Amino acid sequence: MNEVLLLKIEAAVPSAVFLNGNACGVAGEKPVYIHVPKKSLTLSFSPLGGREGRLYLPFSRVVEFQDDACRIIEDDGRIRLCFLGDVLKVEAFPPFLYAPALPCTAALLNFSLQNRRYRAEVVMDGGLFLLLTDQEDNIPFALPLPESFESARLFLRRMGETPYLLAEGKESLACVNLNRFSLEFLCEEAGYRFSESGLELLLNSGDPYGKRLVRSYAPENEGLSPEGEKYEQCEEALPKSEENTLRAFLAALRFEAWETARSYLAPGLQSALLGDALGEFFGEVARVLPDGEESAYICRKVAEHIFAGSKYAFSFENGFIGNISEL
């Protein structure tokens, strides 16, 4: 007998959902639930609306199961899978074209480098792209961009002996090494600031107590090298509560900030999870999915865009997490 899974299908924009060619509901504001045998599935999505200025396109992807393995055929990130016990969570992100579909430039920067002229552009042409063109109209660098760069700003910054092109989007930053014409990083859900030694990314952790993760980069060997991470207070904290303490703990786990996570544990549990013990207990953390007020799924990465979660229950002791048990 085939093993049965419960699909929980979510879509970034309201979409009619088809399973193996059969209509099974509309995902958007609410997920679609359907029981399926654990075998090859064809999932199709037909968007029913979306944001103004975008034309969302229908698409399909095939999910194959073999023994305990799973893969997405022609995987491009349009769907993301997460195994949560007997539930397979499917997240869909339909592709779109900008409307009107005529190419246009969202940001432009002309500059000279080593006596050569260059033009950097953020271009809307079907998708969103960062293009670097030289004076002979060669393109030494091109990068697809996420939608957070729709209203981008382009500027240059020298760090160490190396010039960089930076594209600043909405809570996002892309950094291009102009000596190598290569991407140093692209980060979303983050602000930034320059420091004496280089650059710091300020990542929004979702911590209700107002903390954020600061990831530092310093110039090294004609590039930027990660220098370390730290948590810092950045805004006013919400009132102390068990719910907020669990949210703060999960936010720290998301970035594997073990010492910050330990600060939310009761003294007895802290002493039992010294050093790297908390990291060893949870393993590599790829995603964190709250599940009610006192439980959450801690997910590891199985393959590209495929995750598997283990469910944990949390109990409290004088406002701190006093016990963690895997369900």
Side-chain angles (χ1 to χ4, degrees), residues 1-99 101 124-129 143-148 150 186 188-189 284-291 296-311:
M1 179 179 290
N2 286 320
E3 185 179 345
V4 174
L5 285 172
L6 174 61
L7 294 187
K8 179 183 179 181
I9 304 172
E10 301 176 348
V13 296
S15 301
V17 179
F18 299 84
L19 177 64
N20 298 331
N22 298 311
C24 54
V26 175
E29 293 184 5
K30 296 181 180 180
V32 169
Y33 292 91
I34 183 170
H35 284 93
V36 297
K38 193 175 179 180
K39 61 181 184 180
S40 180
L41 306 172
T42 300
L43 290 164
S44 302
F45 299 85
S46 182
L48 302 175
R51 286 177 48 184
E52 184 178 354
R54 295 181 180 183
L55 176 63
Y56 284 90
L57 306 175
F59 76 103
S60 300
R61 292 294 179 271
V62 175
V63 178
E64 282 193 347
F65 299 93
Q66 186 172 10
D67 299 325
D68 292 330
C70 169
R71 69 185 184 121
I72 304 168
I73 306 301
E74 297 186 6
D75 178 28
D76 58 357
R78 289 296 166 195
I79 66 170
R80 190 164 57 187
L81 307 179
C82 191
F83 289 87
L84 306 173
D86 292 331
V87 176
L88 175 56
K89 181 178 180 179
V90 180
E91 298 167 287
F93 306 92
F96 63 88
L97 299 175
Y98 288 99
M124 293 181 179
D125 187 3
L128 197 63
F129 303 92
L143 175 71
L145 292 173
E147 58 191 81
S148 56
E150 286 177 349
L186 189 158
E188 295 189 271
E189 296 183 21
E284 182 181 350
V285 178
R287 300 184 68 188
V288 176
L289 301 174
D291 184 62
Y297 284 96
I298 311 301
C299 305
R300 70 184 189 282
K301 186 175 180 178
V302 176
E304 194 66 25
H305 305 122
I306 302 176
F307 305 86
S310 298
K311 190 173 183 177

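Note that this is a predicted model, so its numbers are computed, not measured.
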Do the non-hydrogen side-chain atoms of [X] and [Y] ever get within less than 4.5 Å of each other?
X	Y	value
Leu57	Leu97	yes
Glu147	Phe96	yes
Val13	Pro47	yes
Lys30	Glu10	no
Val17	Val26	no
Leu186	Leu145	yes
Leu88	Leu6	no

Checklist entry - Have Glu64 and Ser40 got a donor and an acceptor in their side chains that come within less than 3.5 Å? => result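 No, because no side-chain N or O of Glu64 sits under 3.5 Å from a partner of the opposite role on Ser40.
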Nearest heavy atoms of [X] and [Y], plus distance in Å:
X	Y	value
Val63	Cys70	CG1-SG, 3.7 Å
Lys301	Phe307	CA-CD2, 3.8 Å
Phe65	Lys39	CD1-O, 3.1 Å
Ser44	Ser60	OG-OG, 2.7 Å
Cys82	Cys299	SG-SG, 3.6 Å

From [X] [atom1] over to [Y] [atom2], what is the distance, rounded to the nearest 0.5 angstrom?
X	Y	atom1	atom2	answer
Leu5	Ile34	CG	CD1	12.0 Å
Leu289	Leu84	CG	CG	6.0 Å
Ser46	Phe18	OG	CZ	6.0 Å
Ile79	Leu43	CD1	CG	5.5 Å
Ser310	Arg300	OG	CZ	6.0 Å
Leu81	Ile72	CG	CD1	4.0 Å

Checklist entry - Salt bridge check: are Arg61 and Asp75 linked by an N-O gap of less than 4.0 Å? => result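 A salt bridge is absent here (no side-chain N lies under 4.0 Å from a carboxylate O).
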Checklist entry - Between the side chain of Arg78 and the main-chain N/O of Phe93, is any donor-acceptor distance below 3.5 Å? => result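 A pair under 3.5 Å: yes.
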Item to check | Backbone of Thr42 reached by a side-chain donor or acceptor of Asn20 within 3.5 Å | outcome: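 It does hold such a pair.
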Next on the checklist: Using the ring pair (Phe, Tyr, Trp, His ring centres under 6.0 Å) criterion, which residues pair with Phe45? Sequence neighbours excluded.
Outcome noted: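 Phe45 satisfies ring pair (Phe, Tyr, Trp, His ring centres under 6.0 Å) with Phe59 only.
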Next on the checklist: What verdict does the side chain to side chain contact (heavy atoms under 4.5 Å, CB included) test give for Val4 and Val36, after you've listed the backbone C-alpha separation in whole Å, the side-chain angles of each residue and the deciding distance to 0.1 Å?
Outcome noted: CA-CA 6 Å; Val4 174; Val36 297; over 6 Å; no
Next on the checklist: I'd like to know whether Asp291 forms a side chain to side chain contact (heavy atoms under 4.5 Å, CB included) with Lys311, so could you lay out the CA-CA distance, the side-chain angles of the two residues, the decisive distance to 0.1 Å, and finally the verdict.
Outcome noted: CA-CA 8 Å; Asp291 184 62; Lys311 190 173 183 177; 2.8 Å; yes
Next on the checklist: Go through it in stages, so that I can follow the logic: the residues are Gln66 and Arg71, the test is side chain to side chain contact (heavy atoms under 4.5 Å, CB included), and I'd like the CA-CA distance, side-chain angles, deciding distance and then a yes or no.
Outcome noted: CA-CA 9 Å; Gln66 186 172 10; Arg71 69 185 184 121; over 6 Å; no
Item to check | Evaluation steps, side chain to side chain contact (heavy atoms under 4.5 Å, CB included), between Glu304 and Arg80 | outcome: CA-CA 9 Å; Glu304 194 66 25; Arg80 190 164 57 187; over 6 Å; no
